[in-house]
Structures are given as C-alpha cells and as structure tokens.
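The structure appears right after this line, and notes come after that.
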Amino acid sequence: MPLGWRVLKKIENIIREEMDKAGGQELMLPVLQPFELWQQSGRYVSFGKSLFTLTDRKEYTLALGPTHEEVITDLVHRYVQSYRELPLLLYQIQTKLRDEPRPRGGLLRVREFIMKDLYSFDADETGLDKSYQSMCQAYSNIYARLGLPTMIVEADSGAIGGKDSHEFMVITETGEDEVIYCSNCGYAANAEKAQSAKTRGDAETPLPLEEIATPEAKTIQEVADFIGVPTKQTLKAVFYFADGEFVFVIIRGDLEVNETKLRNALKCSELRLATEGEVNEAGLVAGFASPIGVKGVKVVADDSITSGFNFIVGANKPGYHLKNANYPRDFQVDLIADIALAQSGDSCPKCRGKLSLARGIEVGHVFKLGTFISERFGASFLDNDGTSRPIVMGCYGIGLGRLLAAIVERSHDDKGIIWSLSVAPYQVYLCPLHLDKPAVLPTAEKIYQELQKEGIDVLFDDRDDSPGVKFNDADLLGIPLRLTLSPRTLQSQSVEAKWRTEKEAQLLPLENLAAGINRLLGGKLAQ
RNA sequence: CGGGGCGUAGCGCAGUGGGUAGCGCGCAGCGUUCGGGACGCUGAGGUCGGAGGUUCAAAUCCUCUCGCCCCGACCA
C-alpha cells in the first residue's frame, strides 16, 4: 500500500503540472454538499441512487459529491460578472463518492475514488471549443508522460449531461468498456454511442400483407430460417419498461438494441427489459409480436425500419407471422431514432469501411456542458456589448486509481509490474547480497546515504534473504533500475546495474556512483 | 435488483454413504545453504460464516440467516 500511494502521488503530480500548464487553477471544493444544489440542477434525478445522501442532526439533507458541477457553478455565479474574467479554468484533485450499483475490478470501479476534475467557463462556444481543445491536449500529454497509449473515442455524455463528449481509452482485454473503431478513417466511439451505416436494400415494390403459419418459430433466427430469408428481412420486437412505462421497440432483425441510445431517445433514467409476464399483460404475444394493429402502447422504432421493404413481422397471434410489412403503410410509430448497437463487422458511418471492436478502460472523460447548468444556477456574465449571457461550461475528469490500474494492466509480465521511471514508487532498487560477508552491508549503507543525499529515489532491500528471493521481489515490485552489491562486485569496486526491462546488466564503479546513476536515469528519461 | 458461485489455520485449498479436522504456502526456533522464489529437523496456529433442528454422534443431513466473489443495468 505505501508503494501504491507513492505511485498515486506521482501520477497526481504529473496531472497537476499539466493542468497548471494548460492554465488551470487548483482549488478544493466541499465533499459535503447541500442537497438543494442537486435539486436546482435537476440532476438528482439522472444520478438517481448513485448519489449518496445523508441527513444531519437538524434533519437537513446533504449529498456526498459524486462530481462538482453544481458546487462550482454555484461558486462561480457568485464571483464572475464580466467577460473580462473569462475564460476560467478551475480544478481540484479530490475524493468522489458514488453509490455504484456494482463496484468491481479492484481499483477499476469503486464507490470512493480520487478524481481530478476541471471545469472550464467561457463566454461563448468558440471559447469552449478552445478550452476543450487545450484540455484534450493536456490529457494527451499526461498519458504520454505516464507511458500509457490511449485512444480518443466519441462518448455518450450520460448523467453528466451536455453535448460533445470524448473518452480516453486504454485498450486492454480486461477493460469494461467496448470501443467500436474504423481502422480505415479513424472513426472511434464508445459502443454505447457508436453508429454504423445501416445498409439499404434496393427499392422494391411494396407487396400486399400476407399471413403465414410459422409454428414453433419464435426467435428471429428461427423465423428467418423457416421462411428462407436473411434476418435483415425481418423486424424484431423488444419490450422495455422506461421509468415505469411499457415501451414497444421495433428494430430490424439483424440488429440489436443499444439501451443507452434508447434511454437517450426516450429521455428516461430507468430502463429495463420487460418480463414475459408483463408482455402478456400488455396484450402482446412474445415471439409473434408486431406493431401492426397495436393500440395504446408506446412504439419506438430504430431508423433501420425505413431501410428496406416487405419485412417479415409477427402477426400478434401465436404461430403466425406476416409477410410484406412496410412502414409507414402498415403501422405507425411514436418515435423513430437511431437506437441500434453498432457491431464489429458493420460498416463505418463515415467511410463505409469495416468497423472493429476492442475492449478498453476509460481513463479520462471530457464533456462540453454548454449552458445547461449555468442557466439553472444563474451563472451569467455581462458581455462587452452589455448583454447578460450564460457562461458556457465544460468539464474534464480523470480517475487516478483507475489510471494506476490501467498502467499496471498495460505494463506487466509474468514476473510482476514494470513501472516507467515517471511513476515508479522508487526509481532504484538497492539490493545487497550476502549481508554476512565483510564490507557488504556497510558499503550498501554508505551507498544508500549517498544516493539519498543526491536526491535519487531509492529503495533499500536490507533483508537477509537469498538472492533469488530478493531478485524476484525486485521484479515483482517493478522498480525500473536494480543495483546489486555483493562480494563479487566489491572485488572490482563496483555495483551491478540492471534495468527491469532488460536482460543484461552493467557494472558501475563505486567511485562517484550517484553521478553514474543519474547519468543512467537521465539517459533513460531522454528516450 | 436479476442470474451464478463460494464461506474449513494468516493465505490458497482438500475433506458429505454422519464417528473427535487435513494438505500446500506462509509464520517461529535451530542448523546447512544462498547471483534467480533452497533444504532438514522442531514448533505455534481452526468457535469448520452465524442461529436453530435431526442424531448416541454433524464441517458433513434439514430450515433460516449473514458475508464475500463473479456475470448483467451504472461510470472517472
């Protein structure tokens, strides 16, 4: 734990340096926040149960900050009055609390985590674009300094709200997010946001509806096989409950529903699949349902229903389907939107290339908030023409613990972690062998003193253990540079230096050792 | 909240046709070893998650309960 904390502090400092360089000013906001602020923004609804709340002795309700748009906007609205005070970039590095439905993955997803959150305040969209750009650049710098390759992807803005949003993803098998990307044109998006080009069928003459018996064929695959058509020639029905309302969703048979897109289209916060019992209660037949002739139920369609003609749909009675269903000739819908899940192998919406899928860890997320929150808090300023305008906001977050977990995930081997010099808990591992032999321990102690005096970040392994044990621990901890001192190296008045990443070692003279090591470290950093 | 799994020594696990609880690692002592996780001997350590029940007898069978992990809806 102490070692992990050292790493976290180093990560924190790198982030702080880059934020400062980008013009950010650090401050510290309260964790304990009046619940009214969340009512004022309306976001206590979208955050739902994730927002921790508590009551104080006066029965006053407080929230534990899951993020700080409310608090900081409230603050800024009290102090900023003129366009001359903009742009303003404020940030903090602080513990966030969220009552996550399911914490997991060690540090990847926890209810209490340290986050750097920066908020930008600009006079207009152009200013926001500039702040957004400079934050993206700062984030790229941070990941580069951490030695962590990331991919920028388009993202859904979720509970935070707002318009444009991008995530920084570390691609790894163990990631909990899915990224859809096109290696042809560079399009990349979180799977919950990703679009795909829905290929259009050739124009066909709409044929009259025709009922056909399809006994035992309930799933789309079974129906398509039974009739002998591809699944994209069918429409499938899926049923949800959105904030307690039953919703009939219709989508082309070869596509899947993207629940995030559906939630956004419906503007609802709770969304779940309906049970078979609830489907029956709504007067529908699971497996043989279609919107044709259905009344009194909200129908939402994916825009793929306009991409073809003469679809196969359910007949709303067991054992039968209908051929040649056409929208809008045969049925109407309440809402039509893109609610389809983009999948690996689909066509890229930009260039029609093939889309691929990868898993990733989200290590940073930036949003263009716009004026949504500032309007609710009356955070406005007087422009140079004398009119009052709402401040245009952006927010930018990086989870530190998750970043640490992502680094370890990306940089380890069968022996343990491999830290880069920039974040390693210590840069040098001082490892004397045969402590009982003359001169070894005293020399090691002298070296330790000397290196510390020179400001070298060194960990001293003074345990009386066998070489194997000590070497393996050094590898496990992943300290970049290992110094071995033993009777053997003492014979030539030297120590052995070995990089964690390399197989071969080199000898360094004891004379001016600190200088020699600084040279080695400097050379490595320059790489 | 829905689905699956697990609770036995510090850690990882075995042990169910009921019969007084075992292995590996780790830990303590002594000795030999020691430039890639050495070995021998000795030793410490367990209310078998909890409560109730069946039985002469329960880690094992029955009922209830608590906790943890994994997979889904959430996100830095």
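Protein chains get the first letters and strands the later ones, always in sequence-line order, with residue 1 at the start of each.
When rounded to the nearest whole Å, the span between CD of A:Glu100 and P of B:C70 equals 14 Å. Between A:Tyr396 atom OH and B:A76 atom P there is a gap of 14 Å when expressed in whole angstrom units. The nearest whole Å value for the distance from the NZ atom in A:Lys437 to the C1' atom in B:U33 is 10 Å. Between the CZ atom of A:Arg482 and the C1' atom of B:G35 there is a distance of 8 Å, rounded to whole Å. Following rounding to the nearest Å, A:Arg111 (CZ) and B:A76 (C1') show an atom-to-atom distance of 16 Å.
Centre separation under 5.5 Å together with a plane angle under 30° does not hold for the ring of A:Phe471 and the six-membered base ring of B:G37, so they are not marked as stacked.
Residue contacts for A:Asp473: at a heavy-atom cut-off of 4.0 Å it reaches a base atom on one of the strands shown. Among the atoms of the strands shown, base atoms are found under 4.0 Å from some heavy atom of A:Val110. A:Gly399 comes within 4.0 angstrom of a nucleotide base, judged by non-hydrogen atoms across all strands. Base engagement by A:Ser486 is indicated by at least one non-hydrogen atom pair under 4.0 Å involving a base atom. Within the nucleic acid shown, A:Arg263 comes within 4.0 Å of sugar-phosphate atoms alone, with no base atom in reach, counting heavy atoms only.
Counting heavy-atom neighbours within 6.0 Å of A:Lys130 NZ, excluding the residue itself, gives a total of 12 or less.
Base pairing of B:C68 is made with B:G5, judged by Watson-Crick or G-U wobble geometry with both donor-acceptor distances under 3.5 Å. Here B:C39 sits opposite B:G31 as a Watson-Crick or G-U wobble pair (both hydrogen-bonding atom distances under 3.5 Å). Using the Watson-Crick or G-U wobble rule with both distances under 3.5 Å, B:A44 pairs with nothing in any strand shown. Of all nucleotides present, none satisfies the Watson-Crick or G-U wobble test against B:G17 with each distance under 3.5 Å.
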Could you pull out all donor-acceptor pairs under 3.5 Å where a side-chain atom in residues 24-32 of chain A meets a protein atom, sequence neighbours excluded?
residue: A:Glu26; atom: OE1; partner: A:Arg16; partner atom: NE; Å: 2.7
residue: A:Glu26; atom: OE2; partner: A:Arg16; partner atom: NE; Å: 3.4
residue: A:Glu26; atom: OE2; partner: A:Arg16; partner atom: NH2; Å: 3.0

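For the segment residues 495-503 of chain A, residues with any heavy atom less than 4.0 angstrom from an atom of RNA chain B are, sorted by number, A:Glu496, A:Lys498.
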